J.: 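Handing you a structure now.
This is a predicted model, so every value here is computed, not measured. Chain letters run A, B, ... following the sequence lines, proteins first and then strands; every chain starts at 1.
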Amino acid sequence: QPIPLGHLMDLSGGTSDVGTPFSQGVNDTFAWVNKSRGGVAGRPVNGMATDYGYQAPRAVSQYQAWSRDKVVGIMGWGTADTEALVRFVTRDKVPYISGSYSAALTDAGGKSGRQGVEAAPFNFFYGPSYSDGLRAMLQWAAEDWKAKGRPGKPKYVHMGANHPYPNSPKAAGEALAQELGFEVLPPVTFALTPGDYTAQCLTLKNQGANYAYLGNTAGSNISVLRACQTAGVDVQFLGNVWGMDENAMKAAGTAANGVVFPVRTAAVWGQQAPGMAQVQAISKMSDAAGTAYRPVHYLAGICSAMLMVEAMETAAANGGQVTGERIRDGFYARKDWAPKGFEGVCAPSNFTPADHRGQLEVALYRSRVAGDTSGGSVQELVSNGTIKLEKVTTVNLPRKPEWLGW
Amino acid sequence: MDGSLLLQLTLNGLIVGALYGVVAMSFVLIYKASQVVNFAQGEFLLVGAWVCWWLLTEWQLPFWAGFLVTLAFMTLFGVILQVVVLRPLIGEPVISVIMATIGLGIFFQALMKWIFGVFAKPFPPIFPVERVNLLGLEIQSVYLLSLGISVLIMLGFAWFFTASKHGLAMRATAFDQQVAQSLGVSVPKVFAMSWAISAVVSAVAGVVVGVVNGVSSSLSFYGIKVFPAVILGGLDSVVGAVLGGLIVGVLENWAQYLDANWLNWGNMVGVAPFYALILILLIKPYGLFGTKNIERV
Amino acid sequence: MSAAQDPGLAAPPPLLEVNNIEVVYNDVILVLRGLSLAVPQGRITALLGANGAGKSTTLKAISGLLRTEEGEVTRGEIRFAGERIDGIEPHRIVRKGIFQVMEGRRIVADMTCLENLRLGAFIRSDAEVKRDIEMVYGYFPRLKERTGLAGYLSGGEQQMLAIGRALMARPKLILMDEPSMGLSPLLVKEVFGIIRRLNEELGITILLVEQNARMALSVASYGYVMEQGKVVLDGTAEALAGNEDVKEFYLGGHGAERKSFRNLKSYKRRKRWL
Amino acid sequence: MRPEAPPHPAEAVGAPGPAILAAEHVSLRFGGVRALTDISFEVRKGEVFSIIGPNGAGKTSMVNCISGRYRPTEGRIRFAGRDITRLATRRRAGIGIGRTFQNLALFGHMTVLDNIMVGRHHLLRHGFWTGMPYWLGGAQQEEIRNRREVEEIIDFLEIQHVRKSLAGTLSYGLRKRVELARAIALRPQLILLDEPMAGMNLEEKEDMARYILDLNEEWGMTILMIEHDMGVVMDISHRVMVLDFGRKIAEGQPDAVLADPHVRRAYLGEADEVVHDVDEPAVA
Amino acid sequence: MADLAPAGDYRSSYREDMTIFPTRNSRIALWLGILLVACAPLALGRYELGLLINIGFMGIAALGLNILVGFTGQISIGHAAFFGFGAFTSAWLHESWHIPVVLCIPLAGVATALVGLLFGTPAARLKGLYLAIATLAAQFILEDFFARAQWFTGGVAGRITEPFELFGWRADREESYLYVVLVAVIVMYAGAANLMRTRDGRALVAVRDHYLSAEMMGINLAYYRTLSFGIASFYAGIGGALYAHYLLFVSVEAFTILFSIQFLGMVIIGGLGSIMGSLMGAAFMVLLPELVQAAGDALAGGAIDRALHLGNSVSFLREMAIGAAIILFLIFEPDGLAHRWKQVKAYWKLYPYSH
Ligand SMILES: Nc1ncnc2c1ncn2[C@@H]1O[C@H](COP(=O)(O)OP(=O)(O)OP(=O)(O)O)[C@@H](O)[C@H]1O
Ligand SMILES: Nc1ncnc2c1ncn2[C@@H]1O[C@H](COP(=O)(O)OP(=O)(O)OP(=O)(O)O)[C@@H](O)[C@H]1O
Ligand SMILES: CC(C)C[C@H](N)C(=O)O
Ligand SMILES: [Mg+2]
Ligand SMILES: [Mg+2]
């Protein structure tokens with residue numbers, strides 16, 4: 001008897017650029033788990049994948065449909081929908097791993113006392129929160145500024161759509177930037193869709209920003225990068241986890257050169273790591289030839305899904321029932337938890353009943369684009385070195401209680 | 001107040017506005033021929049840009065060849081649309097035809113996503129000189145080219161409607177299809193012609209935008225931007241369409257200026273044209289250049 | 001009296017022949033039920049009948065415009081110069097030389113007179129369009145004076161424009177639907193004078209639908225009377241004008257014998273041929 | 001329906017009622033076009049008053065001024081003692097002015113019945129809020145009452161058989177009749193008819209003339225009519241006004257007006273002695 | 001074309017001639033239909049009941065749009081925004097003012113009507129297409145407003161709503177909420193049918209068909225042009241409010257232009273100017289994506305799926321199906337489902353003599 005799991009994907013909406021590889025990773029992982037291990041405790045995982053087009057209301061109505069099917073857990077996606085569903089999953093006790101790393105989801109006990117943040121005991125995600133990712137980048141930026149020896153205060157600006165996802169780390173980022181001695185400029189808005197953002201770039205140029213956070217996903221960030229390249233804007237872009245990847249680098253070309261962004265996995269596709277063999281095995285589930293290039297989000301999808309799988313295994317251990325509550329407890333069962341066999345790929349996470357900040361160690365990468373990217377696939381561009389992901393540094397953030405849920 | 005930023009934004013607005021103007025003209029063309037407001041105009045851009053992209057990347061055609069093949073394809077596309085979808089609707093109320101264009105819009109939008117995916121894709125580099133500096137503003141050379149093209153297209157349209165016999169026939173068809181037929185005008189042909197021209201002209205705009213920003217489904221948003229432009233200009237005025245396009249382009253950029261400096265609302269670029277639209281309609285219900293309908297009893 | 005008809009000669013083959021046609025609107029409403037008529041070359045033929053008899057429908061069946069109103073010729077045939085034309089698209093029929101002046105004028109209101117006239121010449125591409133415009137102005141001098149939009153012309157002026165527009169196509173056959181509707185007596189005379197002149201000077205064949213039976217029969221050489229989708233009476237114009245029923249129902253009396261509209265019996269029974 | 005022989009027009013004029021409608025120095029311009037120039041006239045209560053004149057003379061424009069479609073550029077219009085020059089068009093139905101149109105203006109997608117019911121619009125009270133709960137708010141009662149009146153009009157004009165047909169599918173003549181019915185449904189004191197006989201054959205004109213006379217004599221409506229058929233005009237109107245190029249060139253009893261040489265030249269054409277003798281069209 | 005009434009169906013009073021459902025059979029069918037829906041929870045699962053509920057509130061909003069488009073001939077491309085306004089208003093009234101949901105729903109309708117009137121004021125002067133485009137602007141302006149009015153809508157994050165409750169009876173699941181929607185549908189549909197056979201309804205149609213002569217009949221053009229907007233928005237608001245208390249979450253993301261177009265699709269598919277057609281159109285539009293989804297699921301894993309990437313493209317296919325449905329209906333069934341239904345009825349009435 002299969003274990004019903006919900007899986008919300010965005011294959012068609014505003015974030016489908018990154019949603020597609022991520023959900024492919026999740027789906028392949030479940031397929032691989034079913035095939036290579038016979039599922040969880042002998043029961044196949046039934047991941048009911050639905051494309052909800054990044055529309056929170058559709059996610060809610062899908063959730064209600066699933067709650068009739070009595071799903072035991074959900075692989076979710078966006079910030080808006082995940083936050084909207086917090087109350088529902090808490091009520092129904094359904095563990096929920098989202099693609100959203102909104103810090104508001106980390107306050108499991110509801111103790112942070114921040115306005116608008118409620119207890120989210122069933123919400124998890126794999127990776128550093130958006131806020132923590134941004135904090136890491138800001139710390140790096142402060143040092144970068146010093147290292148470059150430029151005069152005066154660096155100027156920081158937050159860019160992104162007016163949407164829960166880009167908004168999520170806005171306040172936290174601006175607060176820390178202030179603290180680190182940045183001058184904080186008024187935020188610049190641009191939509192989640194690709195478009196012509198020359199006007200925004202001219203503003204940016206005019207303001208003289210030095211560090212700009214791109215809060216959207218790759219697709220629209222590319223448009224900004226290209227427009228700013230044309231307008232001759234000289235600014236160090238800091239990307240969100242979802243803001244940059246190999247596909248985006250190909251699409252943006254040299255405009256994407258130099259963007260710094262967090263990567264949640266300990267290795268990227270093609271690098272050597274102990275867990276890479278299993279990752280390749282998973283990739284074969286949807287690419288029998290084994291030739292496809294898998295961007296960072298695919299790997300993140302695998303790691304997220306594996307957390308759910310291992311938590312369910314914990315729940316099922318010793319003949320236990322695979323229920324929502326038991327799965328949730330499964331998340332607390334391990335320290336420095338990297339799914340078995342994925343060491344070196346999936347970075348370790350730590351969850352406690354009060355604090356769902358799984359990762360505070362943030363690996364920062366820089367994109368390197370050497371030339372014309374319009375010919376050839378991502379695979380080719382990476383292998384001939386036109387596109388490169390270059391590790392910059394790893395920032396270890398302190399587990400500050402006042403940053404919980406923020 | 002920052003003069004140079006404002007100037008640059010204005011310039012940028014004019015450049016983008018010229019493109020809006022081109023799309024608006026092809027929109028007005030269909031309106032003048034059939035009183036149909038074409039909600040699939042943006043999808044024409046989209047289809048044109050994707051086809052051209054596909055020819056250039058998958059078939060490795062040189063730009064000019066790919067561009068010409070695209071135009072030929074769009075002619076055919078316009079005619080086929082007319083024959084398959086719009087011809088059966090001849091004689092039906094205008095509202096039905098407008099609904100059909102809405103249907104077409106959704107259909108092709110989704111179809112393009114299905115075929116080409118949702119990721120924005122860049123064109124291969126086309127011009128050796130990518131940028132030109134104008135009054136301190138870096139401008140893509142494609143944009144300048146498009147500016148020239150729009151002027152040509154505009155002159156062509158102006159001649160067509162006032163001096164040519166087919167232009168007259170188109171206006172007559174718009175006024176009353178039955179009368180046009182009684183004069184020997186083949187209404188299906190007039191429609192096919194207007195759709196084909198409109199599709200081709202939009203595709204030109206689509207390719208230009210695609211070359212600059214990359215191709216993605218959001219190109220179809222130009223089809224929506226067209227509305228404030230044509231309302232400003234008046235639905236049936238070619239000159240108005242171009243001016244409307246320019247105004248909308250500038251307006252957007254000024255809205256961005258206002259937004260960035262004072263309002264901080266975020267989305268002013270997107271909605272400012274629509275506020276302007278409502279205002280204009282309140283003051284001049286037929287736009288700045290539109291003609292009033294004749295009402296006699 | 002009317003356009004001369006020489007009884008001694010064998011009638012030439014008719015330019016237009018309508019054989020036993022049936023017309024249905026919206027697949028259900030049967031309007032013409034086996035109507036036949038013939039229009040000889042170079043003559044004016046009148047078609048009379050009460051409101052709703054199907055006169056306009058007949059004209060639209062000939063010109064093909066029926067298709068634009070969900071109507072269809074379901075039986076019978078229409079021949080023009082020996083060639084079948086039923087079922088052909090209207091714009092092709094125009095090119096064959098049949099031009100309909102539609103009921104209610106139907107000029108293009110948001111164009112000028114001149115543009116309307118040029119539009120009439122749409123099917124032509126010869127160089128004489130300019131000359132023909134002058135010719136039309138010759139027939140209708142006041143059209144030349146009106147330079148504004150045609151929509152603002154008065155009814156009579158619009159009617160003239162509609163006829164002038166028809167001339168611009170240089171048709172062989174003009175189908176005229178109630179050209180005198182809404183015209184002042186003076187203009188009615190003028191328009192009918194012009195109709196006759198067109199026929200005589202340009203040799204254009206005309207099928208004339210008219211409510212003003214007296215006028216119509218005065219210019220026509222032959223006439224048909226329709227009732228409920230069928231021809232119920234036909235004959236030369238003189239014969240019809242002499243027919244008692246036609247006199248009573250279409251012509252009214254003359255001069256002194258004319259009954260006053262004021263003294264008509266309110267319960268007068270209508271005469272029907274069917 | 002008509003109990004006695006009607007009075008001859010000549011007699012009727014002998015006993016004029018008070019003026020119900022008065023135009024005072026009305027002028028109307030459209031840009032450069034002078035549609036009306038300094039027109040003054042009166043229509044008396046109970047009268048059949050005709051306006052004739054060449055095409056483009058400004059007859060319809062005059063009627064439009066009275067019904068509110070156009071605002072006179074100069075001059076005033078009084079109705080029942082009240083200045084209505086600036087009165088909103090839609091209010092004129094309420095004070096008792098109804099009209100028909102030269103080019104049909106029916107509601108093509110409504111049934112004949114509904115078309116006529118629209119004529120009663122200003123007499124009905126139940127709107128949005130009370131109409132939705134139809135059975136409770138009295139809307140039903142009101143509809144039934146008015147339906148009765150409308151049926152009376154339908155009977156009068158003999159259009160029972162097309163009651164439920166869509167107005168747009170009727171033949172021209174029937175549409176004209178439905179238009180008349182709709183105007184009557186307003187229960188106007190003054191009814192403006194713009195070429196009611198256009199496009200009709202003799203028989204139908206006779207019917208129409210009878211309806212108009214009945215309206216005038218039995219229903220007591222004052223009639224202002226534009227018509228080109230001189231036979232009709234002469235027979236049924238009490239007085240006639242002639243317009244030419246926007247100016248009034250004559251006014252008076254039909255016989256006198258039609259004998260006026262000026263009128264004959266401008267309107268009827270020279271050679272005729274009796275209006276109906278038009279066998280020989282004068283070739284211009 | 002006049003409807004054919006079956007022979008032998010005589011009416012002896014005006015009252016009988018003026019009913020909404022003129023034949024005995026149609027009245028029986030009506031009551032039977034209501035009864036069937038009322039009994040549905042006994043037989044159907046929650047998924048199916050959910051669909052019925054969707055059809056209900058969409059049908060109410062679609063009816064409003066049909067009054068605007070079908071009866072007064074004005075296109076609105078912003079109906080979803082008004083629907084959304086109703087949803088937000090109801091949620092906001094309940095949460096901020098603690099008004100019981102039963103009252104919030106009609107109040108939301110009224111509030112939305114007011115907003116509709118506001119955007120409808122240009123309607124008083126605008127004709128046809130200019131107006132259509134004004135509604136397009138309304139769509140974008142309202143969407144922008146929703147995204148920014150934190151206090152009212154919860155901003156871009158949306159807002160959680162509370163279920164319907166009446167004297168302690170909580171309608172928080174399909175089995176119970178169905179009745180709330182059913183009652184609303186009956187009231188709103190009867191209201192519209194009545195409206196159309198009284199003074200204001202006729203005036204709306206008259207303004208569409210010939211506004212100049214309508215004005216001479218004493219009809220206030222500006223009032224009715226605006227009123228039709230108000231009525232359409234009222235219906236949209238009620239529909240939206242019902243939606244809010246069904247989904248229990250409202251967010252600006254739902255009320256996109258695509259949704260507006262779907263409403264237009266419902267009206268076209270159901271039949272312009274047909275009251276019952278609106279409901280049929282809504283049913284079609286609700287069921288169509290489900291069918292596409294089901295078809296996609298059925299094909300999953302097969303050769304077609306792999307060749308065309310069906311599995312990952314169901315969303316696109318759903319959208320394409322909506323577009324295609326609109327076009328196909330316009331071409332092949334321009335009078336809509338209601339018309340086809342009438343033909344089917346006529347066929348059976350004349351059976352066995354029909355061809
Ligand atoms: N488009 C249409 N759809 C349905 N019925 C129509 C249509 N057009 C005309 N009819 C019907 O066909 C019949 C004949 O109409 P037609 O217009 O040919 O009459 P007519 O002889 O020209 O009358 P009139 O003198 O009033 O112009 C009428 O009964 C009319 O109702
Ligand atoms: N809205 C308008 N704008 C411009 N000119 C107009 C307008 N209405 C009427 N006219 C002009 O005013 C003059 C009088 O027109 P009107 O329609 O009153 O004539 P009429 O006497 O009714 O003629 P007919 O007998 O042909 O109907 C015409 O020259 C016409 O072109
Ligand atoms: C960009 C996507 C991954 C969506 C993102 N998870 C969000 O927070 O909405
Ligand atoms: Mg006719
Ligand atoms: Mg007139």
J.: Contact part of E:L258 toward chain B, heavy-atom cut-off under 4.5 Å: side chain, backbone, both or neither?
T.: side chain
J.: Which bit of E:I268 comes within less than 4.5 Å of chain B, counting heavy atoms only: side chain, backbone, both or neither?
T.: side chain
J.: Relative to chain E, which of B:L86, B:I278, B:V230, B:I115 shows the most heavy atom pairs under 4.5 Å?
T.: B:I278
J.: What part of B:V226 gets within 4.5 angstrom of chain E, counting heavy atoms only: side chain, backbone, both, or neither?
T.: neither
J.: Less than 4.5 Å to any heavy atom of chain E: does that hold for the side chain of B:I98, its backbone, both, or neither?
T.: side chain
J.: Can you tell me if B:Y20 and B:E252 form a side-chain donor-acceptor pair at under 3.5 Å?
T.: yes
J.: Relative to E:Y211, does E:R225 satisfy both conditions: NZ or CZ under 6.0 angstrom from the six-membered ring centre, and within 45 degrees of the ring's axis?
T.: yes
J.: Check whether B:I280 gets within reach of chain E through its side chain, its backbone, both or neither, counting any heavy atom under 4.5 Å.
T.: neither
J.: Go through the atoms of E:I327 and report whether side chain, backbone, both or neither lie under 4.5 Å from a heavy atom of chain B.
T.: side chain
J.: At a heavy-atom separation under 4.5 Å, does E:L264 approach chain B through its side chain, its backbone, both, or neither?
T.: both
J.: Among all residues two or more places apart in sequence or in another chain, which pass the side-chain contact (heavy atoms from CB on, under 4.5 Å) test with B:I247?
T.: B:L232, B:L288
J.: Contact part of B:F39 toward chain E, heavy-atom cut-off under 4.5 Å: side chain, backbone, both or neither?
T.: side chain
J.: Do the two ring centres, one from B:F44 and one from B:F108, sit under 6.0 Å apart?
T.: no
J.: Does any heavy atom of chain E fall under 4.5 Å from the side chain of B:L104, the backbone, both, or neither of them?
T.: both
J.: Is chain E contacted by the side chain of B:L277, its backbone, both, or neither, given a heavy-atom distance below 4.5 Å?
T.: side chain
J.: Measure from the ring center of E:F259 to the ring center of E:F263 and say whether it is less than 6.0 Å.
T.: yes
J.: Could you tell me which residues satisfy side-chain hydrogen bond (donor to acceptor under 3.5 Å, both in side chains) with E:T256, sequence neighbours excluded, listed by chain and number?
T.: none
J.: Is chain E contacted by the side chain of B:L281, its backbone, both, or neither, given a heavy-atom distance below 4.5 Å?
T.: both
